[in-house]
Each structure stands twice: as C-alpha cells, then as structure tokens.
Amino acid sequence: MHNSAARRFINLLFLCSALMTWGRAEERQDRIVLADQGLPNFRPSVLSGESPSFISPTPEVTPESLGLSHEQTLQLTLLDRANQLISRFQLPLGVAGFSSQIRRDEEYRLYQSRQPGRAELLLNSRFWITDGYYDSDAYLVYVLFRATADYYYRRHFDADHCAWLVESDAEPMRAALTILKGSVDDSAASWLHSDNQPTDRDEEFRRSIDPSGNPVTILQVLTRYALQAIEQRAADDWAVAHYHKMFKEPETSLIGQRVNERERALAWDFSRAVSAMTLPERLAFRKILKSPFRYTNQPEPSPAPVRPATTLADGNDAGAPDPASMTDTAPDNSAQLHPEPSAP
C-alpha cells in the first residue's frame, strides 16, 4: 500500500515536471515571436564599415543595442537630418552614404543620380564625423545649398566648348547664372595678371597632365581646371546668398570662415592652372572667359526687343525662384559627373 502510494506520488511529480517544462517552452516560443515582431527592418548599409542600418526602429531598439559604434550612430543622425533638410527646401539631391576615401577638407563628392535631374552626395566621414562638423545644422544647410549650385553648374557645362549651356534668360536658377558670370568677370579682371612663361614647376604640372605633351589635351585640362575654380567660387557665393534669403539672417561665423578658406584655396587652384599655360594658351583662355555662356535657344531677332526692367535676379537674395523650381530644360551633361557609387 505504501509502495502504491509512493509510485502515485512519483508519477504525479513527473507529470508536474513535464507540464512545467512544456509551459516554459511555450513561453520561450512566445518571447521569440514577440521579439521578431519588434525587430526593425534591415537593408544594405549606407554607412562606412559595412554595418547594417535600420528603418523605423521601435523605441526599445537603440543603435547601441544593434552593435553600432558611436561614429556610425552619428552618421545615422547626420543622414536623417540631411534628408529632412533636402525635403524641407525641396533640393534636387539625395545622400548615397559616407566614404573615408575623399580628401579630408572636402565635405562631399557629387554623383549623378539614377533619377533625372537629381544628384547624389557621398559625404566625407572624416570631415563630418572625425573633424566634428556633424553638430552644425547651419553648416549642413550651407553645404546642401552649395551642392545644389554645384550640380546646376556642372550639368550645364559643355566640356567640348568649355562653356556653360543656357536655355534662355528665363533659366529657373537664373540668379546662379548671375553669380557665375560675376565670378568669371572677377577672375578675368584680377587673377589674370601674369604674362610670364611657365616655370619648371609648371612644366612638371603639364607633364603630369599628358606625358606625351599634346598641347590640345593640356589646354583642355588646364582650362577646365581653372573654370572649376570659378564654378566652385560661384557655388559658394550662391549658397551664402540663398542662406540669407531663406533665413533672413547673416551666415554663421563657421560658414564665413570656411568660405574664406575655400576662396583662398580656389584662387590658388586658378592661378596654378593659368600659370601653367603658355602665352598663346593664356590668350585663348581669355577669349573663353569673354564668352563663357552658350545659349542653346537663341530668340528670333525682332525689330524692337522688349527687355524687362530686371532680367537676372539680385545676387543678394539668390533670386526669386527657389531650387525646387529647377527643371531639366537645359541639356543634361550629367555624364561628366562621377558615376553613381554602388552600394557598399
């Protein structure tokens, strides 16, 4: 009798143990399902370092919990702010990601987007994250404005004729053209002052361009090198003017400091290109500066053309239209941009 009661008691213990084990297994399974439902969706990373970024994470999921470093978390934050500003000001830009292979003093590299009329930016992780510029919204806005003008100038440039193609005086970003023309005039007036022959250092620069010494190739490269300096200076001026228009206040001291630094560097680049030209090449370049625009849609001559009182907008307010009104009316020379980078 006692043996029978003991056996029943032991069987009851085994049954309770089995029920508890099954219950714990069910509970673990429920937790796995709930955890899977709470995880964010993953996609290929736009960060340097091949780490995954996430979309719409739940409040409980933080970047740190996913194993992201502090630098990668800052990249995510900067990427989100840049996209918000691009959307707010309707800029024809997108951010492709980050790279540490860009020259340290450059904020970005510009690429042609797969979408017509848009550009992609590859941000310099060393500049923005390592050097600490990620914390300034004002500077980020200025860089996005500058990239907009940079893209506009570059997609309108005709490398075969060394000129910017213009549809008409009614270009959407006509203020950008006004500023570009002013940059060209300033360069022709103040930077082209030397008639000296190229020095030994200039000759070395020419050989680095074309070891065979083809004068046509060398002149084309030197001309584009100088015009890029003019173009970049104009993009800076337009970005600052548009900053004034959008925010009704002067640019920050950080923006002013960077603009001054870039102006000195661009002046040196321009002078380097011009000094490497021979005297005949310099004369040919001066002719280019006298007519830097080619109108692709010349109006028919009329006996009494009517000109509006104000054609191109005032550079102080960056023009009446915003960058959002930029269209594809002009020929698209975007093939001259870098090809779109492949996803890491």
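Positions are given from 1, in the same order as the sequence printed here.
Leu79 and Ile86 end up in the same hydrophobic cluster when Ile, Leu, Val, Met, Phe, Trp and Tyr side chains are linked at under 4.5 Å. Leu219 is not connected to Leu279 by any chain of hydrophobic side-chain contacts under 4.5 Å among Ile, Leu, Val, Met, Phe, Trp and Tyr, and they are in different clusters.
Checked by atom type and distance alone, the side chain of Tyr151 pairs as donor or acceptor with a backbone atom of Arg118 at under 3.5 Å. A donor-acceptor contact shorter than 3.5 Å links the side chain of Trp128 to the backbone of Glu107. The main-chain N or O of Asp236 is never found under 3.5 Å from a side-chain atom of Arg146 such that the two would form a donor-acceptor pair. When atom types are taken as modelled, the side chain of Ser87 and the backbone of Asn83 share no donor-acceptor pair closer than 3.5 angstrom. In this structure a side-chain-to-backbone donor-acceptor pair under 3.5 Å is present from Ser183 to Ile230. Put simply, the side chain of Glu203 never gets that close to the backbone of Asp200: no donor and acceptor are under 3.5 Å apart. Proximity of a side-chain donor or acceptor of Arg282 to a complementary backbone N or O of Val274 within less than 3.5 Å is detected. Not one N or O on the side chain of Arg224 forms a donor-acceptor pair closer than 3.5 Å with the backbone of Ala159. Arg206 places no side-chain N or O within 3.5 Å of a backbone atom of Ile218 that could act as its donor or acceptor partner.
What you find for Glu71 and Ser125 is that their closest heavy atoms are OE2-CB, 4.4 Å. Taking every heavy atom of both residues into account, Val184 and Leu289 meet most closely at CG1-O, 3.5 Å. Nearest heavy-atom pair, Cys162 versus Ile288, reported as atom, atom and distance to 0.1 Å: O-CG2, 3.5 Å.
Scanning for side chain to side chain donor-acceptor pair (under 3.5 Å) contacts around Ser275 gives Asp202, with sequence neighbours left out.
Annotation: side chain of Phe89 is not in contact with side chain of Leu144 (no heavy-atom distance under 4.5 Å). Taking the side chain as every heavy atom from C-beta outward, Asp210 and Val221 never approach each other to under 4.5 Å. Side-chain contact between Tyr142 and Val259 is present, with at least one heavy-atom pair separated by less than 4.5 Å. Within the 4.5 Å cutoff, the side chain of Ser99 has no heavy atoms near those of the Leu123 side chain. The side-chain heavy atoms of Tyr243 and Val141, taken from C-beta on, include a pair separated by under 4.5 Å. Leu78 is listed as a side-chain neighbour of Phe98, based on a closest heavy-atom distance under 4.5 Å. Counting only heavy atoms from C-beta outward, the side chains of Thr77 and Tyr134 never approach each other to under 4.5 Å. Using a 4.5 Å heavy-atom cutoff, the side chains of Trp164 and Leu227 are in contact.
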Can you check side-chain contact (heavy atoms from CB on, under 4.5 Å) on Asp131 and Arg104, steps first, answer last?
-> CA-CA 9 Å; Asp131 292 347; Arg104 194 179 191 104; 3.0 Å; yes

Worked check of salt bridge (Lys or Arg N to Asp or Glu O under 4.0 Å) between Glu204 and Arg201 = CA-CA 5 Å; Glu204 182 180 354; Arg201 184 179 181 184; over 6 Å; no

Applying side chain to side chain donor-acceptor pair (under 3.5 Å), run through Ser212 and Asn214 and close with a yes or a no.
-> CA-CA 6 Å; Ser212 66; Asn214 187 328; 5.4 Å; no

Can Arg258 and Glu263 be said to form a salt bridge (Lys or Arg N to Asp or Glu O under 4.0 Å), step by step?
-> CA-CA 8 Å; Arg258 284 289 297 170; Glu263 184 172 2; over 6 Å; no

Glu249 and His244: CA distance, side-chain angles, deciding distance, side chain to side chain donor-acceptor pair (under 3.5 Å) verdict | CA-CA 5 Å; Glu249 62 184 23; His244 295 167; over 6 Å; no

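Rounded to the nearest 0.5 angstrom, Leu140 CG and Gln84 CD are separated by 10.5 Å. Here the CG-CG distance, from Leu93 to Leu110, works out to 7.5 Å after rounding to the nearest 0.5 Å. Atom CG of Leu165 is separated from atom CG of Asp158 by 4.5 Å, given to the nearest 0.5 angstrom. Note that the CG atom of Asp237 and the OG1 atom of Thr178 stand 12.0 Å from one another [nearest 0.5 Å].
Using a 30° and 60° split on the angle between ring planes, Tyr139 and Tyr133 fall in the tilted class, from 30° to 60°. In this structure, His156 and Tyr152 have tilted ring planes: the angle between them lies in the 30° to 60° band.
Other residues, nucleotides and ligands place no more than 12 heavy atoms under 6.0 Å from the CD atom of Gln101. Shown here is Glu261, whose CD atom has more than 12 heavy atoms of other residues, nucleotides or ligands within 6.0 Å. Within 6.0 Å of the CZ atom in Arg81, the count of heavy atoms belonging to other residues, nucleotides or ligands exceeds 12.
Both tests pass for Arg272 against the ring of Phe205: distance under 6.0 Å to the centre and angle within 45° of the axis.
For the residue pair Gln232 and Gln228, no side-chain donor N or O sits within less than 3.5 Å of a side-chain acceptor on the partner.
Between Lys181 and Asp185 a salt bridge is recorded (basic side-chain N to carboxylate O distance below 4.0 Å).
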